[in-house]
Amino acid sequence: MDPIGEKAIRASFVNCSKGEASRINLPVGLAERPWGDLDYLGWRDPGAPDRSYLVAPRGDGLIGVTLRVPQGVRRSFTKTTVCSVCMTGHPGSGVSLLAARRAGPAGRQGNTVGAYFCTDLACSLYVRGRKQSQLAGRHEETLPLEDRIARTVRNLNSFLDKVVEGEK
């Protein structure tokens with residue numbers, strides 16, 4: 001992923017108003033991100049732990065979505081969970097269900113789509129081995145790195161397709 005700036009990030013959001021996008025707390029240290037290892041930029045809002053954001057390259061532009069952790073979801077701290085984007089296994093609360101309001105009229109009616117993401121939204125780094133899950137008995141995949149990266153991008157795009165589906 002190429003480095004992106006604040007203006008491009010704010011302009012990319014498809015499931016919130018321009019006013020909401022202008023108030024989003026951007027991640028600290030944008031310039032220091034490992035851009036070459038990222039398939040998307042994802043971050044949790046430090047001021048609102050139930051909010052997360054994701055910006056990904058799409059076609060010849062960017063697509064950004066706001067995400068929320070649904071309230072009242074119980075998480076087991078003893079079970080293993082798997083991210084539906086990068087397929088990394090995590091112990092306990094290392095994976096969170098994140099819901100995105102759909103773009104367009106469907107989102108204005110309150111419709112959402114959800115997926116299980118690595119809680120820290122660092123899927124790209126887990127896939128590339130730059131970050132390790134805390135899972136004790138981690139399995140090793142035999143799939144080549146390029147294929148794991150392609151699968152991650154495919155899974156992310158499938159989720160993003162569902163977010164923008166009602167926009168048209």
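Computation of the quantities below employed the complete heavy-atom set of this structure, encompassing side-chain atoms and omitting hydrogens, waters and symmetry-equivalent molecules. Worth saying up front: this structure is predicted, and the values here are computed from it rather than measured.
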I need the full list of salt bridge (Lys or Arg N to Asp or Glu O under 4.0 Å) pairs touching [range], with sequence neighbours left out, sorted by first then second residue.
range	answer
residues 7-20	Glu6-Arg10, Glu20-Arg101
residues 107-124	Asp120-Lys131
residues 52-64	Arg58-Asp161

Nearest-0.5 Å distance that lies between atom [atom1] in [X] and atom [atom2] in [Y]:
X	Y	atom1	atom2	answer
Arg44	Asn25	CZ	CG	13.5 Å
Ile9	Leu62	CD1	CG	8.5 Å
Leu54	Ser12	CG	OG	9.0 Å

> Are a donor atom and an acceptor atom from the side chains of Thr88 and Ser133 found within less than 3.5 Å of each other?
Replying inline: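 No.
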Considering residues at least two apart in sequence or located in another chain, which fulfil the side-chain hydrogen bond (donor to acceptor under 3.5 Å, both in side chains) criterion with [X]?
X	result
Arg128	Asp39
Asp147	none
Ser84	none

What residue pairs, at least two apart or across chains, pass ring-ring contact (aromatic ring centres under 6.0 Å, His included) with a residue in [range]?
range	value
residues 22-44	Trp43-Tyr53
residues 141-161	Phe117-Phe159
residues 81-102	His90-Tyr126

Is [X] reaching over with its side chain to a backbone N or O of [Y], donor-acceptor style, under 3.5 angstrom?
X	Y	value
Thr112	Gly107	no
Asp45	Ser52	no
Thr119	Gly94	yes
Arg51	Leu67	no
Thr152	Arg148	yes

>> Running the 4.5 Å side-chain criterion over Ile, Leu, Val, Met, Phe, Trp and Tyr, what cluster does Val28 land in, apart from itself?
In response: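 Besides Val28, the hydrophobic cluster comprises nothing; the residue is isolated.
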>> Once salt bridge (charged side-chain N to carboxylate O under 4.0 Å, His left out) is applied, do any residues pair with Arg151, and if so which ones, sequence neighbours excluded?
In response: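 For Arg151 the salt bridge (charged side-chain N to carboxylate O under 4.0 Å, His left out) partners, ignoring immediate neighbours, are Glu141.
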>> So, using salt bridge (charged side-chain N to carboxylate O under 4.0 Å, His left out) as the criterion, who are the partners of Asp50 when residues are at least two apart?
In response: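 Salt bridge (charged side-chain N to carboxylate O under 4.0 Å, His left out) check on Asp50 returns Arg68.
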> Which pair of heavy atoms, one from Leu41 and one from Met1, lies closest together, and at what distance?
Replying inline: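 Here Leu41 and Met1 meet closest at N-SD, 3.7 Å.
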> How far apart are the closest heavy atoms of Ala100 and Asn15, and which atoms are they?
Replying inline: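 Between these two residues, the closest heavy atoms are CB-ND2, 3.9 Å.
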